Amino acid sequence: MSLRLYNTLTRTEEDFRPLDPSGKRVTLYCCGPTVYNLAHIGNFRTFVFEDLLRRHMESRGHEVRHVMNITDVEDKIIRSIHESGEDLRSFTGRFEAAFLEDLDALGCLRPTVTPRATEHIAEIIAMIQKLEKNGVAYKAADGSVYFSIEKFPSYGRLSRLDRTQLKPGARVSQDEHSKEAYGDFALWKAWSERDGKVVWDSPWGRGRPGWHIECSCMSTRHLGETIDLHCGGEDLVFPHHEDEIAQSEAATGKPFVRCWLHSAHLLVDGRKMSKSEGNFFTLRDLLAKGFTGRELRYALVSVHYRLPLNFTLENLEAARQTLRRLDAWAERLREKAGGATADASKPGSLAAAFSGALDADLNISDALGNLFEALRESNRRMDGNELGAKDAAELWRDWKAVERVLGLPASDPAGAPPEIAALAEERKAARQAKNWKRSDELRDTIHAKGWSVKDSPEGYKLTKL
RNA sequence: GGCGGGUUAGCCAAGUGGUAAGGCAGGGCUCUGCAAAAGCCCCAUCAUCGGUUCGACUCCGAUACCCGCCUCCA
């Protein structure tokens, strides 16, 4: 069975075949963050989807070269440092570091390369020169260089917008009035006072790169002129990705991307996230509420990427419960398996069913459905003492494979501090002496200190609240 | 106005021309000093109205409502 992915370019699900003749290596470019503030959970919805895609491809034996750009020069960044007077690099460095930390907390694999726009200025200039040479770019009176969409007849193919119908709306940027045509976009922006020290020399004078050119450049530089997959949020289809295609293909004469994947947006309580609505969350906001990155990841990954995800704290709570059940099952399996070893060479039915479901354009719901069916079935067998150690070991091996693709970071098994452990031991003694009153008091004390204690036939178990 | 997506149980969400996966919540039971945890079981006829069909939630048409993009945005 082959992997099928929904290609925005054709608006159909297609068999995925890497450009690499061996079919093994895959080139994946993901539009990364603009580092001017903390990324929010909507941003991470997309990054988690991309991580799932990568992990699934890797589990199928692909070697994925994953590039995610860091946009570290852009209008909002410039505005921020203009106000604070902070140095560009130190400002963006802070948010870049926070972004990578958040990726880790969410269990996302670090991309193979995370190139910065400011470190590719030479390549950007070279690409613009090539576009100029090819007659699709022009320098305007304001000193900026623009791409002429009229010279690129297939402009609008990805977003299915008719380039001749593009009309000025309310959001026309005031500083782009020198363009020849409304749909033209900036490749190089001439320096203006507001840019302050954020400036580079170029054949067209001092200035800075436009928004879209960095991705074209970094994609080409790190992955080649034609790549397999390019991902981003659905709002990037137009204009960002449309413009990337125009630039790249006009520069190289080759197809830029073979398959485009776009994730739908995340809503909070059914509405777009916004700070004024009070429904704006960063990962750190949720951590402060006591949730874990693992719980958020599950909530984000468990909804199909092309469906709007309505995030609520209730969903996050549901994710927590689901994970508890999964963890308890995994622990039960592991104990049941004991020292038995599974045949590592062939996947079991759970691993195959899970992977097969993901092959259908990452049908995560189907995949999770398969997982929970296996869970219930095996629990039933363990209840009836009908599951042998060998079977348990095989299921355990499958679960590990599934867990790896889901990218659920291992839950923190940090032991209880000595004080709590001592109280728990004291309670155990009280219970053995059938001193229930003392036992219950100790449970309350432990609870008040932020831990819960649960009894089972095998003894007690401490968990952090 | 143009283009696109959606409407399945309290919430989230698969799926298919032959009679509805799964998760959370809820209910029942088991276990248990109590509790918690855990386990098992139960819990829908698929927005509305027409049509095609032996048969539609699944195909066609219409209606209603929701959402996204149309140069800030993952």
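Atoms considered below: every heavy atom in the structure, side chains included; atoms not considered: hydrogens, waters and symmetry mates. Chain identifiers are assigned alphabetically (A, B, ...) following the order of the sequence lines, protein sequences preceding nucleic acid strands; residue numbering begins at 1 within each chain. Since we're looking at a predicted model, the values are computed, not measured.
Taking every side-chain heavy atom of A:D235 into account, B:C73 is the closest of B:C73, B:G33, B:U71. Taking the side chain of A:L236 as heavy atoms from C-beta on, and the options B:A74, B:C40, B:U71, the nearest nucleotide is B:A74. Considering only side-chain atoms of A:K272, the nucleotide from B:C73, B:A36, B:G33 that sits closest is B:C73. Taking the side chain of A:N363 as heavy atoms from C-beta on, and the options B:C70, B:G15, B:A74, the nearest nucleotide is B:G15. Taking the side chain of A:P239 as heavy atoms from C-beta on, and the options B:U71, B:A74, B:C72, the nearest nucleotide is B:U71. Here B:A74 is the nucleotide among B:A74, B:A13, B:C72 with the atom lying nearest to any side-chain atom of A:R45. The nucleotide whose nearest atom lies closest to any side-chain atom of A:S263 is, among B:G2, B:A74, B:C34, B:A74. The A:N43 side chain lies nearest to B:A74 when the options are B:C34, B:A74, B:C69. Minimum atom distance to the side chain of A:N310 is reached by B:C12, of the listed B:C70, B:C12, B:U71. Each of B:U71, B:A14, B:G2 was ranked by its minimum atom distance to the side chain of A:H304; first place goes to B:A14.
Positionally, the nearest nucleotide of RNA chain B for A:V303 lies more toward the 5' end than for the other of A:V453 and A:V303. Each of A:G32 and A:A181 was matched to the nucleotide of RNA chain B holding its nearest heavy atom; the match closer to the 5' end belongs to A:A181.
With a 3.5 Å ceiling on both atom-pair distances, B:A9 lacks any Watson-Crick or G-U wobble partner. Across the strands present, B:U19 finds no partner; the criterion is a Watson-Crick or G-U wobble pair with both atom distances under 3.5 angstrom. Judged by Watson-Crick or G-U wobble contacts below 3.5 Å, the nucleotide B:G61 has B:C49 as its partner. For B:G33, there is no paired nucleotide, since no Watson-Crick or G-U wobble pair has both relevant distances below 3.5 Å. Pair check for B:C43 finds none; no Watson-Crick or G-U wobble contact set falls under 3.5 Å. Judged by Watson-Crick or G-U wobble contacts below 3.5 Å, the nucleotide B:A56 has no partner.
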- Going 5' to 3' through nucleotides 23-30 of chain B, assign each nucleotide B (protein heavy atom under 4.0 Å from a base atom), S (under 4.0 Å only from sugar-phosphate atoms) or - (no protein heavy atom that close). SSS-----
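A:D51 and A:R54 are not joined by a salt bridge, as no carboxylate oxygen comes within less than 4.0 angstrom of a charged side-chain nitrogen. Comment: A:K437 engages A:E441 in a salt bridge, judged by a side-chain N to carboxylate O separation of less than 4.0 angstrom. By the 4.0 Å N-to-carboxylate-O rule, A:D142 lies too far from A:K189 to be salt-bridged with it.
If you check the side chains of A:W211 and A:T71, you find no donor sitting under 3.5 Å from an acceptor. Judged by distance alone, the side chains of A:N43 and A:H40 do bring a donor and an acceptor atom under 3.5 Å apart.
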List, one per line, each side-chain donor-acceptor pair under 3.5 Å for residues 148-160 of chain A, sequence neighbours excluded.
residue, atom, partner, partner atom, Å
A:Y155, OH, A:D243, OD1, 2.4
A:S159, OG, A:E242, OE1, 2.6
A:R160, NH2, A:L9, O, 3.4

Which donor-acceptor pairs under 3.5 Å do the side chains of residues 28-39 of chain A make with protein atoms, sequence neighbours left out?
residue, atom, partner, partner atom, Å
A:Y29, OH, A:N69, OD1, 3.2

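Taking atom P in both B:A20 and B:A47, the straight-line distance is 15 Å, to the nearest Å. Remark: the separation of the P atoms in B:C11 and B:G50 is 26 Å, to the nearest Å. Annotation: B:A21 and B:A44 have their C1' atoms spaced 13 Å apart (nearest Å). Only the P atoms considered, B:C59 is 11 Å distant from B:G6, to the nearest whole Å. Here the separation of B:U48 from B:C54, taken at their P atoms, is 24 Å to the nearest Å. B:C70 and B:A9 have their C1' atoms separated by 37 Å, given to the nearest Å. Comparing the P positions of B:G28 and B:U63 gives a spacing of 48 Å, expressed to the nearest Å. Distance noted for atom P between B:C24 and B:G61: 39 Å (whole Å).
Atoms CZ (A:R443) and C1' (B:U32) sit 11 Å apart, rounded to a whole Å. Separating the CG atom of A:L309 from the C1' atom of B:C12 is a distance of 9 Å, rounded to the nearest angstrom. If you measure from atom CG of A:L371 to atom P of B:A21, you get 18 Å, rounded to the nearest angstrom. Straight-line distance from the NE2 atom of A:H212 to the C1' atom of B:C72: 11 Å, rounded to whole Å. As rounded to whole Å, 12 Å separates atom C1' of B:A74 from atom CG of A:L103. When rounded to the nearest whole Å, the span between CG of A:L300 and C1' of B:C12 equals 13 Å. Spacing between atom NZ of A:K179 and atom C1' of B:U71 amounts to 7 Å, rounded to whole angstrom units. Taking atom CZ on A:R297 and atom P on B:A74, their separation rounds to 20 Å, with Å as the unit.
Residue contacts for A:S452: at a heavy-atom cut-off of 4.0 Å it reaches no nucleic acid atom on any strand shown. At the heavy-atom level, A:W211 lies under 4.0 Å from the strands shown only through sugar-phosphate atoms. No contact: A:R157 has no heavy atom under 4.0 Å from any strand. Here A:G232 lies in heavy-atom contact (under 4.0 Å) with sugar-phosphate atoms only.
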- Task: Evaluate salt bridge (charged side-chain N to carboxylate O under 4.0 Å, His left out) for A:R194 paired with A:D75, printing each intermediate quantity in order.
- Result: CA-CA 10 Å; A:R194 287 174 303 174; A:D75 292 0; over 6 Å; no
- Message: Quick one, A:H212 with A:F147, criterion ring pair (Phe, Tyr, Trp, His ring centres under 6.0 Å). Give me CA distance, side-chain angles, the key distance, then yes/no.
- Response: CA-CA 11 Å; A:H212 318 292; A:F147 185 96; over 10 Å; no
- Check the pair A:K289 / A:E317 against salt bridge (charged side-chain N to carboxylate O under 4.0 Å, His left out), numbers first and verdict last. CA-CA 11 Å; A:K289 286 183 186 293; A:E317 190 60 47; over 6 Å; no
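For B:A74, the base has a donor-acceptor partner in the side chain of A:T46 [N/O atoms by modelled type, under 3.5 angstrom].
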Could you pull out the protein-nucleic contacts involving nucleotides 4-8 of chain B (nitrogen or oxygen on both sides, under 3.5 Å)?
none

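Taking the ring centroids of A:F99 and A:F95, they lie at or beyond the 6.0 Å cut-off.
Applying the side-chain hydrogen bond (donor to acceptor under 3.5 Å, both in side chains) rule to A:N385 yields the partners A:K336; only residues at least two apart in sequence or on another chain are considered.
Under the side-chain hydrogen bond (donor to acceptor under 3.5 Å, both in side chains) criterion, no residue pair touches residues 363-372 of chain A, with sequence neighbours excluded.
With centres under 5.5 Å and a plane angle under 30°, the ring of A:H265 is stacked against the base of B:A74.
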